[in-house]
Colleague: 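Supplied in structure tokens, the structure appears directly below.
All values derive from a computational prediction rather than experimental measurement. Residue numbers start from 1 in every chain, and the chains themselves are labelled A, B, ... in the order their sequence lines are given, proteins ahead of strands.
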Amino acid sequence: MPLTLYNTLTRRKEAFTPLVPNRVSMYVCGPTVYDFAHIGNARPVIVFDVLYRLLRLEYGADHVKYVRNITDVDDKINARAAERYPDLAPEAAIRKLTEETAAQFHTDIAALGVLEPDVEPRATDHIAEMGKLCDALVQKGHAYVAEGHVLFDVSSMADYGKLSNRSLEEMEAGARVEVAPYKKGAMDFVLWKPSKPGEPAWPSPCGIEGPGRPGWHIECSAMSEKHLGKVFDIHGGGIDLAFPHHENEIAQSRCAHGTPMMAQVWMHNGFLQVEGEKMSKSLGNFITINELLATNKFGSNQWHGRVVRLAMLGTHYRQPIDWTADKLLQARNTLWDIARMMHGNPADKSAPNPEVVAALSDDLNTPKAISILHGLMKSAVRNPDARDEFMATLELLGIYGGESVEDLNPGFEARKVDGARVRTLIAARLDARKRKDFKESDRIRDELSAMGVQLKDAKDPKTGEIVTTWEVRAAGTAEPRS
RNA sequence: GGCCACGUGGCGGAGUGGUGACGCAGCGGACUGCAAAUCCGCGUACCCCGGUUCAAUUCCGGGCGUGGCCUCCA
């Protein structure tokens, strides 16, 4: 199936061909680990996981290398570490903070059903590589040393600004911040900077005497080169990173290596809003992945990770997404339907549905894929033979992993009912129904309903016997249809 | 101010130069003692104004609205 991807660099959808035949390399900007990952951070994690799965399907699992980094050196980290662990030495505080935060990140996104990347490099393990990049850039005249800093000279690169489609003149005209006196050009950016006491510090490159630390963008240039090479296939991240982060990555990597491109395809997921507003701490609508999964803070419910994932994939990745409780409710209903049918059905080695593969191959059209999925679900209800393909398709999207309805209903334990008592009451009701004592049977049904138990009567197709099944309704605003 | 993205029915959300994807909700019906579930059926949607065209929601221009980015900063 030919794969088409929208390339921010050209502002077009383009047919995708790996640079090295049958070998796909992908780099996605991961988190800066200083705090809980928020729901906006979850979007690229989920979106590029779908792409990873699709690429593995097309090229084979061993032919795709997916690198997603962890940035563990950053001013925000330094500040947060000092704030949270004032009694520890700076270095120990930073290590503690970054390790804890990275572990939390892994826990949170594992619930979203994402595969692990092939390599998850950390910035602090690549300081030497960053130094080499600095050296190379200075040697080639693309960077200069000033007051202990290494700065990239943007005027040395003819097409700087191509990714974000802005010219140097425009950017300089729009600059709102005072320019540091040691910079040659207003848009020059830092590759390396001196460390003050208490800040993380490494031996500086480019002949600088004092210790220092890397600037923001250099870590991704270093890590992508080490793990994927000087030029690779796909680079992904949020649209907010296009400028300056990715623009500067391109500048560093291309100028250091003398290559015409860094990655051939640049993909950016759209921004996320919450209930129609920008997500920000000051608006009080800031929501972390963990809060979604483990608290009732959003939409008065806990949400299973698969529900979060399905809700996220309901919007095309390049579109802005408005994160609402209603989306989660709809996703949960859909997953409940899936779980009712598929729970306990072992996964099969079938191929996923070709139409869904085609939809995903068209620049990851997940909403269309999900719509096709609804049709597959109908077929699978009627025809158990269709379930293998359905399951394989669910697997490709990563939206269902064999969970039961109860699994998909976090917080279920809190509402747990006495199963033996429920079964006794159901038996009594069936008995009353046989006697046509409908008053009594309705009374029992109401009693169960008050306990949060919903009954469903069905006839056994073979015997004609009435079989009653039951489910516990979820708490909160949205009553499931079960 | 500059650059960019988006604006589709009650809601979500694809897509297309000419027969109203799909889901949720809603309505009608079948089935059921009732209820739930299930099944069948039901929708004069494309922000506004111009232009191109036999034909525009789809292309072009302008407007309005929403959002993003605009240097080492949170």
Colleague: Taking only N and O in the side chain of Lys278(A), is any of them less than 4.0 Å away from OP1 or OP2 of G68(B)?
Modeller: yes
Colleague: What is the distance from CG of Leu430(A) to P of G33(B), rounded to the nearest Å?
Modeller: 13 Å
Colleague: Are Asn365(A) and G15(B) close enough that a side-chain N or O sits under 4.0 Å from OP1 or OP2?
Modeller: yes
Colleague: How about Lys327(A): does its NZ atom have over 12 heavy atoms from other parts shown lying under 6.0 Å from it?
Modeller: yes
Colleague: Rounding to an integer number of Å, can you tell me how far Leu328(A) CG sits from C24(B) C1'?
Modeller: 14 Å
Colleague: Between Arg332(A) and Ala311(A) (side chain of the first, backbone of the second, donor and acceptor by atom type, cut-off under 3.5 Å), is there such a pair?
Modeller: no
Colleague: If we ignore hydrogens and angles and just use 3.5 Å, is the side chain of Asp159(A) paired with the main-chain N or O of Lys162(A) as donor and acceptor?
Modeller: no
Colleague: So what does the secondary structure string of RNA chain B come out as, 5' to 3', with Watson-Crick or wobble pairs under 3.5 angstrom, [ ] for crossing and | for pairs with another strand?
Modeller: (((((((..(((.....[...))).(((((.......)))))....(((((..]....))))))))))))....
Colleague: Does U16(B) have its OP1 or OP2 closer than 4.0 Å to a side-chain nitrogen or oxygen of Lys368(A)?
Modeller: no
Colleague: Between Phe438(A) and G33(B), do the rings stack, that is, sit under 5.5 Å apart with planes less than 30° off each other?
Modeller: yes
Colleague: Are any non-hydrogen side-chain atoms of Glu14(A) and Leu9(A) less than 4.5 angstrom apart?
Modeller: no
Colleague: Check nucleotides 58-63 of chain B for protein N or O atoms closer than 3.5 Å to its own N or O atoms and list the pairs.
Modeller:
none

Colleague: Does Asp457(A) get its side chain close enough to the base of A35(B), under 3.5 Å, for a donor-acceptor pair?
Modeller: yes
Colleague: What is the distance, to the nearest angstrom, from the CZ atom on Phe243(A) to the P atom on C73(B)?
Modeller: 15 Å
Colleague: Between Arg309(A) and Asp49(A) (salt bridge meaning N to carboxylate O under 4.0 Å), is one present in this structure?
Modeller: yes
Colleague: For Tyr144(A), run the side chain to side chain contact (heavy atoms under 4.5 Å, CB included) check against Asp188(A), Val138(A), Leu137(A) and tell me which one passes.
Modeller: Asp188(A)
Colleague: Can you tabulate the close N/O pairs, meaning under 3.5 Å, that link protein atoms to atoms of nucleotides 9-12 of chain B?
Modeller:
unit_1 : atom_1 : unit_2    : atom_2 : d
G12(B) : O3'    : Lys327(A) : NZ     : 3.3

Colleague: Verify, without hydrogens or angle tests, whether Arg213(A) (side chain) and Asp74(A) (backbone) share a donor-acceptor contact under 3.5 angstrom.
Modeller: no
